[in-house]
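Indexing begins at 1, ligand by ligand and atom by atom, following the structure's order. Heads up: numbering here begins at 1 and tracks the sequence.
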Amino acid sequence: MNTALITGITGQDGSYLSEFLLAKGYDVHGIIRRSSVDYRERIAHLEGRPNFHLHYADMSDSMSLVKLVGKVQPTEIYNLAAQSHVQVSFDSPEFTADVDAVGVLRILEAVRTNHLEKTCKIYQASTSELYGKVEEVPQSETTPFHPYSPYAVAKLYGYWIIKEYREAYNMFCCSGILFNHESERRGETFVTRKITLAAARIAQGKQEKLYLGNLSSLRDWGYAKDYVECMWLILQQDKPEDFVIATGVQHSVREFAYHAFKAAGIELKFEGEGINEKGICVNGPANLVGKTLVEVSEDFYRPTDVVNLLGDPTKARQTLGWNPNKTTFEQLVAIMVKHDMEKVAAEHVASVMRTNLAEYLEKGVVK
Ligand code: NAP
Ligand code: GDD
């Protein structure tokens, strides 16, 4: 049986990858961190399965990683753990470097310390943020890097240390240079999920306005569920290589917002420029027509922002046989908005039920 160790198993990608590998018959092990809240939302439905195992460890704690790799004896490691928020990396640059850069080295050394370098393949979650202040469009495996945030600089170390161990010790370790991938499980402070949740809340009268940063920023957005397949495919090749994983289609934050609000039944028209740009409702529920629903706030501007990401997935298509356009941009937006419309509606029902229950308890109807 193949044994996979996933760092970052509680994250968006870790949860989809776990489902993917379990369906392939893998024994799946994952690293979790101690937290004051024990509920692990994205993987709760997998806990208790016989082939699914969770272990406490931390990317900043070499000893915990060495012990765990020795205990699990993985045939494949998927290193997905990271402080993954670009804006947060400006506030916590040292933590980001420790986990996203040195953490990769710790995983490689844990494999070597346990003498598993000939039997254990390693996937590193690399990123299109490496291209940063882009030097060409679209970006491929040969495009020069120009990292443009503490997060990207840390990830660049991860990319090079993987390459170094591949060349120095002949290890099967590869980087997937993944462009942005989103889903209904995306963290709520990344721009797509922030927009789909706000569109759902505004449509259901739970929020008045959405504040965003740079609306003109361009991204190549794919569906996370499609992307985890590539992580696995990269490790199934005969020789270790790095791959760009992207859709090859680009949209702005403004366009994402337009389509997400449209899917929630609200048509927006954007007027003005820069900090004064606004998204006004021109069609939709009568109480919203004419209202400004989207505004720009400097709070969401970054000291340096990456504004033109577009990937060239030719190598992945040709070598891995992967279809970059399995889920289109429009389908991705629709999946996320449908999920968030239901989530917001369910929150409303739950709060009504809580209110009613409190009322019934008070009146003695329910004991
Ligand atoms: P995510 O949802 O933010 O998940 C990050 C995971 O890392 C979580 O499980 C988190 O655990 C874990 N983690 C953070 N610090 C840790 C530490 N010190 N020790 C152990 N675990 C730690 O990220 P994602 O979107 O799934 O992305 C997965 C990976 O791909 C990341 O490395 C990210 O940088 C990279 N990436 C993502 C994208 C994208 O568009 N999603 C694109 C390119 C690359 P907690 O739940 O305990 O916080
Ligand atoms: N988060 C956020 N919030 N971003 C905003 C906002 C806002 O209110 N308004 C505009 N943006 C812009 C950002 O300035 C950025 O240019 C773009 O939207 C995307 O931001 P995020 O969704 O936060 O993602 P990211 O591209 O910075 O980083 C994600 O993708 C990388 C791959 O390119 C993360 O998943 C990284 O971990 C990943 O490496």
Close approach of R185 to ligand 1, heavy atoms, under 4.0 angstrom
no
Can a donor-acceptor pair be found, under 3.5 Å and without considering hydrogens, that links the side chain of K269 to the backbone of N283?
no
Which atoms from ligand 1 have a heavy atom of T127 less than 4.0 Å away?
43 (C), 44 (C)
Heavy-atom contact under 4.0 Å between T7 and ligand 1?
no
Region of E129 engaging ligand 1 - heavy atom pairs below 4.0 Å
neither
D340 bridged to R201 by N-O distance under 4.0 Å
no
Do any N/O atoms on N180 end up under 3.5 angstrom from N/O atoms on ligand 1?
no
Is ligand 1 under 4.0 Å from a heavy atom in the side chain of T10, in the backbone, in both, or in neither?
both
Below a 4.0 angstrom heavy-atom separation, can you tell me which part of H85, side chain or backbone, both or neither, approaches ligand 1?
neither
When you measure from the side chain of K315 to the backbone N and O of D242, does any donor-acceptor pair fall under 3.5 Å?
yes
Polar contacts were defined as any N/O atom of the residue lying under 3.5 Å from an N/O atom of the ligand; does this apply to G11 and ligand 1?
yes
Flag this pair as yes if the NZ/CZ of K225 is under 6.0 angstrom from the six-membered ring centre of Y16 and inside a 45 degree cone about the axis; otherwise no.
no
Hydrogens and angles aside, do Y26 and E76 bring a side-chain donor and acceptor to less than 3.5 Å of each other?
yes
Under-4.0 Å heavy-atom contact with ligand 1, by part of S126 that carries it
backbone
Pull out every atom of ligand 1 sitting under 4.0 Å from any heavy atom of A125, numbered as shown with elements.
29 (C), 30 (O), 32 (O), 35 (C)
If we set the cut-off at 4.0 Å for heavy atoms, which region of M59 has an atom near ligand 1: side chain, backbone, both, or neither?
both
Within reach of ligand 1, part of Y151 (heavy-atom separation under 4.0 Å):
side chain
Please output the residues near ligand 2 using a strict heavy-atom distance under 4.0 Å, listed in chain and residue-number order.
S84, H85, V86, T127, S128, E129, Y151, N180, R186, T189, F190, V191, K194, L212, G213, N214, S217, R219, V253, F300, R302, D305, V306, L309
Select the closest option to atom 12 (C) of ligand 1 among G8, G176, G187, judged by heavy-atom distance.
G8
With a 3.5 Å distance limit and no angle check, can you tell me whether D100 reaches the backbone of K155 through a side-chain donor-acceptor pair?
no
Please state which option from R106, Q12, H181, R186 has its nearest heavy atom closest to atom 42 (C) of ligand 1.
H181
Residues 120-132 side chain polar contacts: donor-acceptor under 3.5 Å, at least two apart:
{"from": "K121", "atom 1": "NZ", "to": "L235", "atom 2": "O", "distance (Å)": "2.9"}
{"from": "Q124", "atom 1": "OE1", "to": "N79", "atom 2": "ND2", "distance (Å)": "2.8"}
{"from": "T127", "atom 1": "OG1", "to": "E129", "atom 2": "N", "distance (Å)": "2.8"}
{"from": "S128", "atom 1": "OG", "to": "L178", "atom 2": "O", "distance (Å)": "3.4"}
{"from": "Y131", "atom 1": "OH", "to": "S140", "atom 2": "O", "distance (Å)": "2.8"}

